[in-house]
There are 2 protein chains.
Amino acid sequence: MLIYSISELAREFAVSTRTIRYYEEMGLICPERNQNSRRIFTKKDYARLKLIMRGKRFGFQLNEIKEMVLLFDQDPTGQKQLVRTLGYGKEKILEINERIEELQELKIEMEEMMRRLEAGISLPRQKEEFQ
Amino acid sequence: MLIYSISELAREFAVSTRTIRYYEEMGLICPERNQNSRRIFTKKDYARLKLIMRGKRFGFQLNEIKEMVLLFDQDPTGQKQLVRTLGYGKEKILEINERIEELQELKIEMEEMMRRLEAGISLPRQKEEFQ
DNA sequence: TATAACATTAACGTTAACGTAAGCTTCAAG
DNA sequence: CTTGAAGCTTACGTTAACGTTAATGTTATA
């Protein structure tokens, strides 16, 4: 599909139309309008919304998400802008790495706890440490 | 250190004392009190707060976090309770796996974009897809 | 012993991220 | 042609997660 109405997008991403309008209000998306001022969403808008939703799943706030998408949106033709974008991107990648590591730790801890539970051991001392 | 005051914990976790009191208000922690009704935080409370903060970093809401910590808090002596806890834990591990995968995807995409930027290529077509 | 630093509860204020309702226009189907 | 579904704007309502203030009590220390 090449273009979407607001309700189609809302259905697709399992959010309300109000949510999408709110994202436009906040400047995270800028869909075109037809002659009757109805919003027209392109594939580009779709992709943008997908990024926004992912950011939300990761617990980022809308203004953080906005900062990210806007920064990567403008093509950094100027040398200075490019350097800035690169620095930002590398920083974000480091943050992502930290998150991945933390999640893997959490996973290991939970698996450990599951094993203990399955073995039928309460292990109050260990519990104290984890809890 | 074996016990903490509320301001010590607040400093340690870089939050306000109000935040810690709020978590108690919401039932996420239950610190003991001294004879003058001042809160006394033990190592156990410290560990609990650490878990809460991690949950926050992952974008969980306080009631979700509460559900988790409370569920793993009670030792599931009853068979039924144990089964329930095990099921919940395995579900959570699956969720964590999904998050890790999603983060790794995101990381790859961002590294890809960084490489393109460093190569000095705008790639409008690719931009459209990612953006 | 005074006094600053820290603690308590109670209560009202704030902000992000929407929900909801009203009043209007537009569009598609029978 | 009407009628119901969908869209629009405006605006007020809601909730989670605290911030802030007030009024008061406690503790440490010079």
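The sequence lines fix the lettering, A, B, ..., with proteins before strands; numbering per chain opens at 1. It should be emphasised that the depicted structure is a prediction, and the values quoted were computed from it without experimental measurement.
Note on ring orientation: taking the six-membered ring where Trp is involved, the planes of A/F13 and A/Y46 are tilted (angle from 30° to 60°).
The phosphate of D/dG7 (OP1 or OP2) has a side-chain N or O of A/S5 nearer than 4.0 angstrom. Here A/R39 does not reach the OP1 or OP2 of D/dG7: none of its side-chain N or O atoms lies under 4.0 Å away. OP1 or OP2 of C/dC18 lies within a sub-4.0 Å distance of a side-chain N or O belonging to A/Y23. Within the structure, every side-chain polar atom (N or O) of A/N63 is placed at least 4.0 Å from both OP1 and OP2 of C/dA16. Within the 4.0 Å cut-off from OP1 or OP2 of D/dG19, at least one side-chain nitrogen or oxygen of B/S16 is found. Here A/S7 reaches the OP1 or OP2 of D/dG7: one of its side-chain N or O atoms lies under 4.0 Å away.
For the pair B/E25 CD and D/dA16 P, the interatomic distance rounds to 12 Å; values are reported in whole Å. In this structure, CZ of B/R21 is placed 12 Å from C1' of D/dT20, rounded to the nearest angstrom.
Comparing D/dA17, C/dC18, D/dC8 against the side chain of B/Q61 picks out D/dA17 as the nearest. The side chain of A/Q35 approaches C/dC27 more closely than any other nucleotide in the set C/dC27, C/dA16, D/dG7.
For A/N34 and A/R18, each mapped to the nucleotide of DNA chain C holding its nearest heavy atom, the one lying further toward the 5' end belongs to A/R18. Annotation: of the two residues near DNA chain C, B/R33 and A/Y22, the 5′-most nearest-nucleotide partner is B/R33.
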